[in-house]
A.B. asks: 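Before anything else, here's the structure in question.
By convention here, the first residue in the shown sequence is residue 1. Bear in mind that the values here come from a model prediction, so they are computed numbers and not experimental data. Values reported hereafter were calculated over all heavy atoms of this structure, with side chains retained and with hydrogens, waters and symmetry mates removed.
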Amino acid sequence: MNAPNETFGGGANSSDGGPTEENSNMSPLMKNVFYCLYATVFSLAFVGNTLALITCYKTYKVTTSVLLCFIASLASADLMFTLLSIFDLIAFIHDGDWFGGNPVCKIQSFLIEASYTVSILTLVAISRERLKAVSSPVLARAQRSTHRIVLPIIIWVLGIATCTPLLQAYYIKKEEDTGKSLCVNENIGDLGRQTYYAVQAGFLFILPLTFMIWAHSQIFRLLAKHVRTRNSIMSDNREGLKQRKITKMLAVVTLVFFVCYGPFMVIRALRYFYVYNGDMIWRLSQMMIFMQAGMNPIIYCFYSKQFRFSFKDLICCCFSKVDKKMTKPRSASVRSNSSMKSSQNTFAVSEFCVNKPELQGRYTLRHV
């Protein structure tokens, strides 16, 4: 029996061994809605995650933070997933006919799964760091400088190593009746496939979800305790508000990830165990995990003025290069006011378009 391709837009073959004519079953209206939705989400995910990476890089040049490294890792995984989804979209347009041959099938499917694995491991690391920062801030600050770069690298190595069996699983299968080239993962057999994805669901979905629920509940409990025991000094109150805002942002990112990936993981398990063989709900679950890649940058901007200011400065910088005559340097008072506003945020606003050494000392990143 053939297994469904679980990547976005894939699944040109059904679990009963016959080809799935997904495009022919969809009305022209549904196709157009699907394409418009994909184009919208792709634009948001590509632009948003690219800007998030640039923002993290520019801010990291001014002051280092382990949280910036983790957000950059998360944005990199989302951006990689977004770009790789183009291959599945092309296969969907051509009724599942894959292009690029066997190497593209193996590498694309392997990297798609690796991006998910890196995302979940990054969220686990973020939850652990936040819990450590809230429970013992002094120890957390002392340790961050030694592993702020090492941990994201370890996460990517683990994510890639975990998905290496998929390089063997995927291959191009030629349909005799239609002549189509289908990208399927049948090389490890039904039992091997079911075992692999069952272990993955347990260790890379259920266990991380359980840990993060516990970690975030502990974080909010500790923050509430700090609020009750903290004195009425204004600076301490502002520090508490910052910590709560950071925690809320990361909690929302985690919640969105599991809400978007939950239906996909359940339906994929049902398909691999041949319990469910439908197509429309499967497509919707795939679209949900794709939407998750585009929602994270929106969450960053909603909760962090730093990202809003950085995105704005970056866009203004790009436009200033196109038409330098239309740009005017900001006055010293305006820069001073902007600096005062940014100091109240989670992150510091970094100057993207102004490269003056005397301004570098103004911006300090709050260690979180």
Side-chain angles (χ1 to χ4, degrees), residues 1-28 30-31 34-35 37-38 42 80-117 163-198 200-201 261 263-290:
M1 288 187 294
N2 293 344
N5 184 335
E6 73 275 4
T7 54
F8 173 80
N13 51 327
S14 66
S15 59
D16 59 0
T20 300
E21 299 294 338
E22 64 247 5
N23 273 0
S24 60
N25 291 335
M26 295 179 66
S27 65
M30 287 300 299
K31 290 184 191 178
F34 177 84
Y35 295 143
L37 182 59
Y38 176 87
F42 180 89
M80 182 173 71
F81 183 93
T82 301
L83 295 175
L84 291 173
S85 69
I86 297 176
F87 292 91
D88 291 303
L89 176 67
I90 296 174
F92 178 81
I93 293 174
H94 293 89
D95 294 332
D97 192 14
W98 191 266
F99 81 102
N102 209 50
V104 175
C105 170
K106 287 179 176 290
I107 294 174
Q108 189 265 359
S109 303
F110 159 72
L111 291 179
I112 282 273
E113 196 71 38
S115 66
Y116 156 76
T117 306
C163 298
T164 49
L166 296 179
L167 290 173
Q168 172 63 26
Y170 279 91
Y171 75 104
I172 290 294
K173 179 181 179 180
K174 197 77 171 179
E175 285 285 335
E176 297 180 359
D177 52 346
T178 62
K180 295 178 182 178
S181 298
L182 306 180
C183 183
V184 297
N185 58 345
E186 300 177 0
N187 271 347
I188 56 178
D190 280 348
L191 181 60
R193 204 166 41 238
Q194 292 167 358
T195 302
Y196 175 83
Y197 286 107
Q200 186 199 55
Y261 266 89
F264 172 78
M265 298 294 290
V266 172
I267 295 174
R268 182 173 70 174
L270 294 177
R271 287 173 70 87
Y272 277 120
F273 283 91
Y274 304 105
V275 177
Y276 169 77
N277 192 32
D279 189 66
M280 185 58 67
I281 298 178
W282 174 238
R283 296 294 170 206
L284 291 176
S285 68
Q286 291 175 322
M287 182 58 71
M288 285 183 66
I289 65 173
F290 187 48

A.B. asks: Heavy atoms only: give me the nearest Ile267-Ser285 pair and the separation to one decimal.
C.D. replies: CD1-CB, 3.9 Å
A.B. asks: Do the side chains of Phe264 and Met287 get nearer than 4.5 Å, heavy atoms only?
C.D. replies: no
A.B. asks: Less than 4.5 Å apart, any side-chain heavy atom of Val184 and any of Tyr170?
C.D. replies: no
A.B. asks: Can you find a pair of side-chain heavy atoms, one from Arg193 and one from Glu186, that are under 4.5 Å apart?
C.D. replies: yes
A.B. asks: Are Leu166 and Tyr196 close enough, and set up right, to give a side-chain contact (heavy atoms from CB on, under 4.5 Å), and what steps lead you there?
C.D. replies: CA-CA 9 Å; Leu166 296 179; Tyr196 175 83; 3.8 Å; yes
A.B. asks: Give the minimum heavy-atom separation between Ile90 and His94, together with the two atoms involved.
C.D. replies: O-ND1, 2.8 Å
A.B. asks: Check ring-ring contact (aromatic ring centres under 6.0 Å, His included) between Phe110 and all other residues, then give those that pass, not counting sequence neighbours.
C.D. replies: none
A.B. asks: Can you see whether Asp190 engages Tyr274 through a side-chain donor-acceptor pair at a distance of less than 3.5 angstrom?
C.D. replies: yes
A.B. asks: Taking the side chain as everything from C-beta on, heavy atoms only, tell me whether Phe92 gets closer than 4.5 Å to Asp97.
C.D. replies: no
A.B. asks: If only side-chain N and O atoms count, and only distance matters, is there a donor-acceptor pair under 3.5 Å linking Gln286 with Arg268?
C.D. replies: no
A.B. asks: Would you please classify the geometry between the Tyr38 ring and the Phe42 ring as parallel, tilted or perpendicular, with 30° and 60° separating the classes?
C.D. replies: parallel
A.B. asks: By ring-ring contact (aromatic ring centres under 6.0 Å, His included), which residues pair with Phe99, not counting sequence neighbours?
C.D. replies: Phe87
A.B. asks: Are Asn277 and Trp282 packed together at the side-chain level, in the sense that at least one heavy-atom pair is separated by less than 4.5 angstrom?
C.D. replies: no
A.B. asks: According to side-chain hydrogen bond (donor to acceptor under 3.5 Å, both in side chains), who are the partners of Ser181, at least two apart in sequence or on a separate chain?
C.D. replies: Lys174
A.B. asks: Under 6.0 Å between ring centres, would you say that holds for Phe81 and Tyr116?
C.D. replies: no
A.B. asks: Would you confirm whether Gln168, through its side chain, and Asn187, through its main-chain N or O, come within 3.5 Å as a donor-acceptor pair?
C.D. replies: no
A.B. asks: Would you say Tyr272 and Asn185 make side-chain contact, with heavy atoms under 4.5 Å?
C.D. replies: yes
A.B. asks: Do Asp88 and Phe290 pass the side-chain contact (heavy atoms from CB on, under 4.5 Å) test, and can you show the C-alpha distance, the side-chain angles, and the key distance before you say yes or no?
C.D. replies: CA-CA 12 Å; Asp88 291 303; Phe290 187 48; over 6 Å; no
A.B. asks: Do Cys183 and Ile172 have side chains that approach each other closer than 4.5 Å (heavy atoms only, starting at C-beta)?
C.D. replies: yes
A.B. asks: Leu167 and Lys106: which non-hydrogen atoms are nearest, and at how many Å?
C.D. replies: O-NZ, 2.6 Å
A.B. asks: Is atom CD1 of Ile281 surrounded by more than 12 heavy atoms (other residues, nucleotides or ligands) closer than 6.0 Å?
C.D. replies: no
